[in-house]
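Just so it is clear: chains get the letters A, B, ... in the order the sequence lines come, proteins before strands, and each one is counted from 1.
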Number of protein chains: 2
Amino acid sequence: MTAIGFEKHDHSRCITTALSEAETRCAEQKLHLTPVRRRVLEILLQRHRAMGAYEILDLLAADGLGSQPPVAYRALDFLVQHGFAHRIERINAYTACAHPAQDHVPAFLICRGCKAVAEAETELEQGRLGAAAMATGFAIERIVVEAEGLCPACQENPE
Amino acid sequence: MTAIGFEKHDHSRCITTALSEAETRCAEQKLHLTPVRRRVLEILLQRHRAMGAYEILDLLAADGLGSQPPVAYRALDFLVQHGFAHRIERINAYTACAHPAQDHVPAFLICRGCKAVAEAETELEQGRLGAAAMATGFAIERIVVEAEGLCPACQENPE
DNA sequence: AAGCGAGATGTTATAACATATCAACCCAAA
DNA sequence: TTTGGGTTGATATGTTATAACATCTCGCTT
Ligand SMILES: [Zn+2]
Ligand SMILES: [Zn+2]
Ligand SMILES: [Zn+2]
Ligand SMILES: [Zn+2]
């Protein structure tokens with residue numbers, strides 16, 4: 001369960017499961033999974049890779065769900081805020097969380113070829129970073145761990 | 001030596017040392033530390049924190065060293081390429097490398113208050129990220145490790 | 001000296017990513 | 001029914017980054 005990403009799986013099932021789990025959790029926690037937000041999550045789940053805000057916005061617009069940047073950014077903020085999606089800093093993009101529900105510090109493997117993203121977890125706080133923070137009195141609030149490279153498929157098929 | 005950053009030090013000496021070491025290394029490796037590149041490195045060393053490209057560009061322009069974005073970006077590319085500086089993905093900014101010369105995978109502690117940056121090193125490769133990469137056949141080319149939070153000074157002095 | 005080529009810089013324009021602001025709307029609680 | 005929070009619509013703007021092409025400089029060759 002630690003790392004899912006590049007391997008094959010029953011993807012249509014993976015989408016519907018994730019969506020219905022999101023609905024359940026939103027109901028429980030009194031969060032509004034509005035049409036725009038739900039559609040953005042669905043888009044991220046469908047593509048199963050990192051997507052830029054404007055790329056998402058184009059798809060929203062095609063559905064008549066909004067056509068201006070704030071629409072996409074607000075929905076993405078909501079999803080990120082509540083753990084349904086993550087922002088990938090390295091490429092200014094967003095991806096659906098591979099295991100919402102759990103509180104976790106994600107680490108990503110990002111393919112620079114196809115933008116596929118695999119999500120693992122970090123064993124944060126340990127390591128020299130945590131030690132350095134301790135030593136200097138730095139208060140860590142958020143950690144970004146992202147590895148960029150080539151996925152198996154793109155290693156074989158360099159464009 | 002692992003983590004330098006927030007503690008006090010003889011900073012003017014730290015600047016001149018770093019600059020002359022950069023000159024030496026560029027001479028050895030036949031790299032051109034041109035006026036613009038040298039000045040950008042100096043700026044980064046002086047401020048000793050993460051700076052945006054346009055912030056740097058303003059200072060360059062004040063020196064009559066170029067006033068258009070590509071001037072700053074090209075100099076920064078050179079410095080990053082050759083290990084004199086690092087790009088901080090989380091905040092789209094740049095900072096001087098704390099220990100050039102050595103080949104290393106940097107990890108950063110970034111203060112969201114004052115943009116001060118401390119540079120540590122990762123042991124990564126091990127850990128679950130490396131394991132996940134192994135398992136899936138992902139070829140890692142670059143790793144970003146960045147922690148955001150508050151430095152000791154900014155914890156006491158929240159604006 | 002003239003011609004060449006590589007690397008660096010100058011310049012203009014534009015792409016790509018992100019937020020500020022304010023009005024309108026919806027719905028549920030008081 | 002009023003009120004207020006949360007969401008959306010709409011316009012404008014801010015911020016970060018690169019494409020494209022012209023020019024310059026300097027060492028090398030002829
Ligand atoms: Zn899937
Ligand atoms: Zn790929
Ligand atoms: Zn210093
Ligand atoms: Zn600080």
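A straight line from CG of A/L76 to C1' of C/dT19 spans 14 Å, rounded to a whole angstrom. The interatomic distance linking A/I56 (CD1) with C/dA18 (P) rounds to 10 Å, in whole Å. Taking atom CG of B/L33 as the reference point, atom P of C/dG7 lies 17 Å away to the nearest angstrom. Per the geometry, CG belonging to B/L57 stands 13 Å off C1' belonging to C/dT9, to the nearest Å. Rounded to whole Å, the distance from CG on A/L60 to C1' on D/dT7 is 15 Å. Separating the NE2 atom of B/H82 from the C1' atom of C/dA8 is a distance of 13 Å, rounded to the nearest angstrom. Straight-line distance from the CZ atom of A/F78 to the P atom of D/dT7: 7 Å, rounded to whole Å.
Residues A/A75 and A/V40 come closest through the heavy atom pair CB-CG2, 3.8 Å. Across B/H86 and B/C97, no two heavy atoms sit closer than the pair NE2-SG, 3.2 Å.
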I'd like to compare against my own output: the B/S/- annotation of nucleotides 24-30 of chain C with a strict under-4.0 Å heavy-atom distance to protein. -------
Strictly under 4.0 angstrom, non-hydrogen atoms only: write out the protein contact profile of nucleotides 14-20 of chain D, one letter per nucleotide from the 5' end, B, S or -. --BBBB-
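Counting heavy atoms from C-beta on, the side chains of A/K115 and A/R47 never come closer than 4.5 Å. Side-chain contact between B/I88 and B/T95 is present, with heavy atoms from C-beta onward closer than 4.5 Å.
When distances run from any side-chain atom of A/Q68 to the nucleotides D/dA10, C/dT9, D/dT8, the shortest one goes to D/dA10.
Close to C/dT9, at under 4.0 Å from its OP1 or OP2, lies a side-chain N or O of B/T34.
Nucleotides of DNA chain C nearest to B/H32 and B/S67 differ in position, and the one nearer the 5' end is that of B/H32.
Within the structure, salt bridge (Lys or Arg N to Asp or Glu O under 4.0 Å) pairs that include any residue of residues 84-98 of chain A comprise A/R87-A/E89, A/E89-A/R142, A/E89-B/R90, A/R90-A/E148, A/R90-B/E89 (at least two apart or interchain).
Classified by interplanar angle (parallel below 30°, tilted 30° to 60°, perpendicular above 60°), the ring pair A/F78/A/F84 is parallel.
Residues A/Q29 and A/H82 bring no donor and acceptor atom of their side chains to less than 3.5 Å of each other.
The pair A/E28-A/R25 fails the salt-bridge criterion, with no side-chain N (NZ, NE, NH1 or NH2) lying under 4.0 Å from an Asp/Glu carboxylate O.
A/H11 contributes a side-chain N or O that, together with a main-chain N or O of A/Q46, makes up a donor-acceptor pair within less than 3.5 Å.
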